Amino acid sequence: MPDNFRDEFTARFPGRPVTGEGRRIWVEVDAEKAADALAFLQETGFARFCTLTALDTGEAIEVLYHLWGRGALCTLRVKLDRTSPSLPSAVRLFPAAALYEREARDLLGVEFPGHPDPRTLILPEDWPDGEHPLRKDWAAAPGGERRG
Amino acid sequence: MAEFEVPMGPQHPALKEPESFRFKIDGEVVVDAEVRLGYNHRGIEKACEERPYGQCLYLIERICGICSHAHATAFAQGVEALLGLEIPARARYIRTIVAELERVHSHLLWLGVAGHEVGFDTLFMYAWRDREGIQDILEIISGNRVNYGINTIGGVRRDIDGLQRDRLLALLDPLAERTAYYARVVQEESTFTGRVAGVGALAREEALALGAVGPQARGSGVTADVRREDPYAAYDEVPFDVITSDRGDVLGRAEVRVLELLESYRIIRYALEHLPEGPLAVKAPRKVPAGETVSRYEAPRGENFHYIRADGGEMPFRVKVRAPTLANIPSLIHILKGAYVADIPIITAAIDPCFSCTDRMIRLEPARRTGSARTISWEELRQYGIRWYKDVRRG
């Protein structure tokens, strides 16, 4: 972990967990602080937006932002409610996030208000609304037929 | 003059990530471009959630036919990190050697395609002939020209013996000599430079902001190379230089790839000469303790990114893969805006999206009110680009 990172982060986001070793850092903030945390990380040297992972843990949708800088990969975790997961778009800060947010919207149903072009990226145009294949409770219909 | 909309793609079974582009053109200039993905989305991430880790490795190796080792290694080292496994030194070196062989065949393939797209087919034939030598070596080492199946969780499945080592070492010198010649051709031969210098300009800041990776980023002066900044396998023990170019155009990207070939030969030679003795793999348990990890790998096209979450069972809870081509699409779209139609093939080829097979269908569609549609193939567009440049030069 880069020098002082733990202190810098906890000074800005008191009580939030910072873990990791070597070239990996894991931090977590609440959804309403996500935009602040991304701006903070960009200002403190994590300038390269590698990608974004979204996953369904069964209890929550997690969005993980992976940023490279200061010789380490920092992953920022945000936990969202499963019923209507939503996070402000990071595209204004990190233009590289645009395609990854659209992917997460398709596959896990996370909305990113403020996205300049929030269209379907991966799923077919006639894909039914509300079907998100990477949700844990989603399964293809028997025989591999598409549902809907 | 009215603006035309030109859809391009999406279907092409040979592309690892089939893409559909839609261009708005005004005369010869692209004024807007957009991309649509997913035409060959195979649901591999979802499929991995229903398979044991060992089977996932095979599935993941098949994400891409060109960088199969890239994906398999990224996944294997992620699972090894979750297991807390230290793999044997010999396995780390063999992974590195195969990784660089893969980079060499991929970059030579690219060099040929780039030559072909600009109408310089001599370069195409030279580069692809040399690539065959590497393919032969890969076949000798692994039994396959693609999908080498070298990795297992905990190490590698195949050794490199003395005979294979000597065959490979004997190939490196002539290959390095020929590559040095290609480097001169790429940098000096006007048949090539005339079509790529100043084309597809991408500034360093733009490359960073748009998340470009690999030669697309390094060709714009960004020193992003996972092998150096986040070393894996044996890269922290093997000497090599990270190649960058400040040109920021297609020529810069070509320069980076050709000079990287020379670094790859250096890495392969060093790794072969310093190949540690010892076992090839350690035994990996079937169940992976709960946890999560991020694994990065410098594929020939740039950073390959895997995220793996384990829940303590025999199958991954979540696997996420971000291949380098996806990361390079935003910067590709950016530089296509303002480019000439004649430069679409070479600018697109310059991110190396596996355009090894051509004849992608392209539909030139005039605005609806003005009449009929015309369809041309990728090959026709390539020919059009070559002719157009000849006419421009003739004045």
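The model shown is predicted, which means the values in this text are computed figures rather than measured ones. Each chain gets a letter, A, B and so on, in the order the sequences are listed, and its residues count up from 1.
- In this structure, chain A has heavy atoms under 4.5 Å from both the backbone and the side chain of B:E229.
- Here the side chain of B:D241 pairs no donor or acceptor atom with the backbone of B:I243 at under 3.5 angstrom.
- At a cut-off of 3.5 Å, with distance as the only test, a side-chain donor of B:Y307 or B:R309 sits close to an acceptor on the other residue.
- Residue A:D129 places its CG atom among 12 or fewer non-hydrogen atoms of other residues, nucleotides or ligands, all under 6.0 Å distant.
- Heavy atoms closer than 4.5 Å to chain A are found nowhere in B:A212, neither backbone nor side chain.
- For B:Q55, there are no side-chain hydrogen bond (donor to acceptor under 3.5 Å, both in side chains) partners two or more places apart in sequence or in a different chain.
- Using a 4.5 Å cut-off between heavy atoms, B:E49 contacts chain A through its side chain alone, with no backbone atom that close.
- Contacts of residues 36-65 of chain A with chain B at a heavy-atom distance below 4.5 Å involve A:R48, A:C50, A:T51, A:L52, A:T53, A:A54, A:L55, A:D56, A:T57, A:E62, A:L64, listed in sequence order.
- With hydrogens and angles ignored, the 3.5 Å screen pairs no side-chain donor or acceptor of A:R6 with any backbone N or O of A:M1.
- Only the side chain of A:L73 comes within contact range of chain B, judged by heavy atoms closer than 4.5 Å.
- Put simply, the side chain of A:K136 gets close to the backbone of B:F317: a donor and an acceptor are under 3.5 Å apart.
- Among residues 109-117 of chain A, no residue has any heavy atom closer than 4.5 Å to a heavy atom of chain B.
- Looking only at heavy-atom pairs under 4.5 Å with chain B, the residue among A:D106, A:T120, A:L107 that has the most is A:T120.
- By the 4.0 Å N-to-carboxylate-O rule, B:E292 lies too far from A:R24 to be salt-bridged with it.
- Residue with the most contacts toward chain A among B:T293, B:V213, B:L208, B:V222: B:T293 (heavy-atom pairs, distance under 4.5 Å).
- Stacking of B:R296 on the aromatic ring of A:W68 is recorded, both the 6.0 Å distance cut-off and the 45° axial limit being met.
- Listed for the B:R42 side chain is a donor-acceptor partner under 3.5 Å among the backbone atoms of B:I63.
- At a 4.5 Å heavy-atom cutoff, the contact between B:K320 and chain A is made by side-chain atoms alone.
- In this structure, CZ on B:R301 lies 10.5 Å from CG on B:N328, to the nearest 0.5 angstrom.
- Looking at A:E101, its side chain does come within 3.5 Å of a backbone N or O of A:A90 through a donor-acceptor pair.
- Heavy-atom neighbours of chain A within the stretch residues 330-337 of chain B, taken at a separation under 4.5 angstrom, comprise B:P330.
- Salt bridge annotation for B:R322-A:E103: absent, with no cationic side-chain nitrogen under 4.0 angstrom from a carboxylate oxygen.
- Both the backbone and the side chain of A:L134 have a heavy atom closer than 4.5 Å to some heavy atom of chain B.
- A side-chain donor-acceptor contact under 3.5 Å links B:R62 to the backbone of B:Y58.
- A cation-pi contact, defined as under 6.0 Å to the ring centre and within 45° of the axis, is absent between B:R92 and B:Y235.
- The minimum heavy-atom distance between A:R135 and A:P85, with the atom names listed, is NH2-CG, 3.6 Å.
- At a threshold of 4.0 Å, the pair A:D30-A:R77 does not count as salt-bridged, since none of the basic side-chain nitrogens sits closer than that to a carboxylate oxygen.
- The shortest non-hydrogen separation linking A:V29 to A:R16 is CA-NE, 3.9 Å.
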